[in-house]
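The block underneath contains the structure these notes are about, expressed in structure tokens.
In what follows, chains carry the letters A, B, and so on, assigned in the order in which the sequence lines appear, proteins first and then strands, with residues in each chain numbered from 1. It should be emphasised that the depicted structure is a prediction, and the values quoted were computed from it without experimental measurement. What you see below is based on every heavy atom in this structure, not just the backbone, and it leaves out hydrogens, waters and symmetry mates.
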Amino acid sequence: MCADCPARLADDLDAAFPEFLAHHQDLAYGVAMRMTRHPADAEDLAQEAFIRAYRALLGYEPQRRRELHARGWLIAIVANLGRNRARRGRTAETDLDSIASLTLDERPGPEGIAAGREAARDWRARLDALPPRYGHAVALRHVSGLSYPELAEALGRPVNTVKSDVHRGLRMLRAGLLEEAVDAGLPRKAGAR
Amino acid sequence: MVRALRSTAVPAPVSLADRVLAGVGVVHTWAEIEGPIGPLYVAWGTGGITAVERAGDPDGFETAYGLRHGRTVRRVPAMPPRMADQVARRLRGERTSGPAVDLGRLTAFEQAVLRKTMEIPYGEVRPYAWVAREIERPRAVRAVGSALAGNPVPFVIPCHRVVRTDGHIGEYGAGGPEAKSEVLGVEGVDTVALERLAATGTRFTGSDTTRIYCFPSCRHARRITPVHEVRFHTAQEARTAGYHPCRVCRPLEASPFAA
């Protein structure tokens, strides 16, 4: 992430914004994708979040832009917008589309890639199966790579709370993996418990 | 496990950045459309249309745009449908409330000149001095000429409908007098006849049945049959003869400062 981004946003917002966007779009899209689970909805959500971020920055004093914790702040915007949209039920009706597009996306290509995609899909499914509070915290920390202070800002909760959410989420994931292994009849690793 | 989780990250689609930048107006967009005398480049931002130019050199257009507006401008295949419809209607001379035009970079005077020019009906012309009088700056005729010469959105704002008080069609930023004559020709204005009429000293035509006088290109003047047509050199002459000015084209005495 660019260390002098906030300073450059403060100096000349229009000149610096494209770079800000380039640095953070994967992060914002990833979070949007987790919230909507549909590529087109995720792109809409990320687009709207960036436009809101730009308008908010326009209204900020240079001092405030300089002190911005860009990633946590941006993800908070994505998350709030995503929650509002979900509440309005915009995503519910597109579930079928999302399944269709996922299968399209993940047509078997060269085998290694296919296997990788399959593994990634399994992991996404495991995350999605967690209670949202924990799944979300784990994803922000370990998929998107946010730091704990950024995570706290994005979720609007204290640092210690989000830390324990991430740890509980990881523990649930591990427990789930163990069950999968048992269901598949694989031998337990010694001392797995 | 942590590494596996990281591998599930998905990159943003390439279209996202373009959509955001166009949405916030940091990047403007442009498209080529059909104009009255050939294709046009039309650029717009969030505030409306910002630039119109006769098609020719796309790279030069983008470069000049960047210098003038301090914005990157990116080509797209077509205008948004609503804007395209409004522009097409404006170019055909139909009544339409749009398209929105962004004149924010111009002075208040320049904006007043251009907004007034937008009121000149399709197929009619008015002198520079008329625009100056209408915006209550009767002595600023030359400044009106400069403002029109700097019209960033020719055709959409019909600066080609403003001509010299002496009847010559005058200069034109989007291709010189020939182009101006050509656009007016498309609109049904016989510029040769207007210039010939002006050369005889005629500035206004009246009807001896209605006793109203007009600019010669006013749609009401064009309805006057030859037997009832009266020609005047000055508005004073028309008034002395007992004629009233048309309420549509609002003819006025030529200003001594006329360009």
Side-chain angles (χ1 to χ4, degrees), chain A residues 12-34 39-40 42-55 57-58 105 116-117 119-128 138-145 166 169-171 173-174 176-177, chain B residues 1-30 43-51 59 61-83 100 102-106 152:
Chain A
D12 184 348
L13 178 59
D14 281 359
F17 191 75
E19 200 179 327
F20 173 83
L21 175 65
H23 273 289
H24 300 304
Q25 60 175 357
D26 289 350
L27 170 68
Y29 179 77
V31 175
M33 190 63 196
R34 264 198 53 72
E43 192 175 352
D44 282 350
L45 175 56
Q47 181 193 9
E48 196 181 336
F50 272 114
I51 289 173
R52 291 204 179 196
Y54 175 83
R55 298 212 173 114
L57 287 167
L58 265 186
D105 260 356
R117 277 184 183 164
R121 192 177 53 192
D122 288 348
W123 278 104
R124 274 199 286 274
R126 287 177 195 124
L127 272 177
D128 290 346
V138 171
L140 285 175
R141 176 71 190 95
H142 291 297
V143 181
S144 303
V166 171
L170 286 176
R171 215 162 50 224
L173 275 180
R174 270 189 212 106
L177 276 179
Chain B
M1 182 162 73
V2 163
R3 200 183 314 138
L5 282 172
R6 179 51 78 93
S7 74
T8 67
V10 278
V14 283
S15 52
L16 176 63
D18 282 352
R19 286 175 56 183
V20 171
L21 292 175
V24 299
V26 166
V27 166
H28 289 180
T29 26
W30 70 280
W44 64 94
T46 49
I49 293 178
T50 48
D59 294 336
F61 177 69
E62 292 187 352
T63 308
Y65 194 92
L67 293 174
R68 189 168 189 190
H69 296 266
R71 287 278 197 278
T72 307
V73 64
R74 196 166 289 144
R75 185 172 193 162
V76 292
M79 294 182 107
R82 194 176 128 82
M83 187 187 274
D102 184 354
L103 301 177
R105 301 172 44 79
L106 304 180

Whatever's closer than 4.5 Å to a heavy atom in chain B on Leu170(A) counts as both
Between the CZ atom in Phe50(A) and the CZ atom in Arg19(B), the distance rounded to the nearest 0.5 Å is 12.5 Å
Under 4.5 Å to a heavy atom of chain A? For Thr72(B) that would be neither
Distance col, row Ser144(A):OG vs Met33(A):CE, nearest 0.5 angstrom, shows 12.5 Å
Does either side chain, that of Tyr65(B) or that of Thr50(B), offer a donor lying less than 3.5 Å from an acceptor on the other one? yes
Under 4.5 Å to a heavy atom of chain B? For Leu27(A) that would be neither
Only residue of Val20(B), Leu21(B), Asp18(B) satisfying side-chain contact (heavy atoms from CB on, under 4.5 Å) with Val27(B) is Leu21(B)
- prompt: Should Leu127(A) and Val143(A) count as side-chain neighbours, where that means a heavy-atom distance under 4.5 Å?
  reply: yes
Applying a strict 4.5 Å limit to non-hydrogen atoms, the region of Arg126(A) in contact with chain B is neither
If one checks every heavy atom of Leu21(A) against chain B at 4.5 Å, the contacting part turns out to be side chain
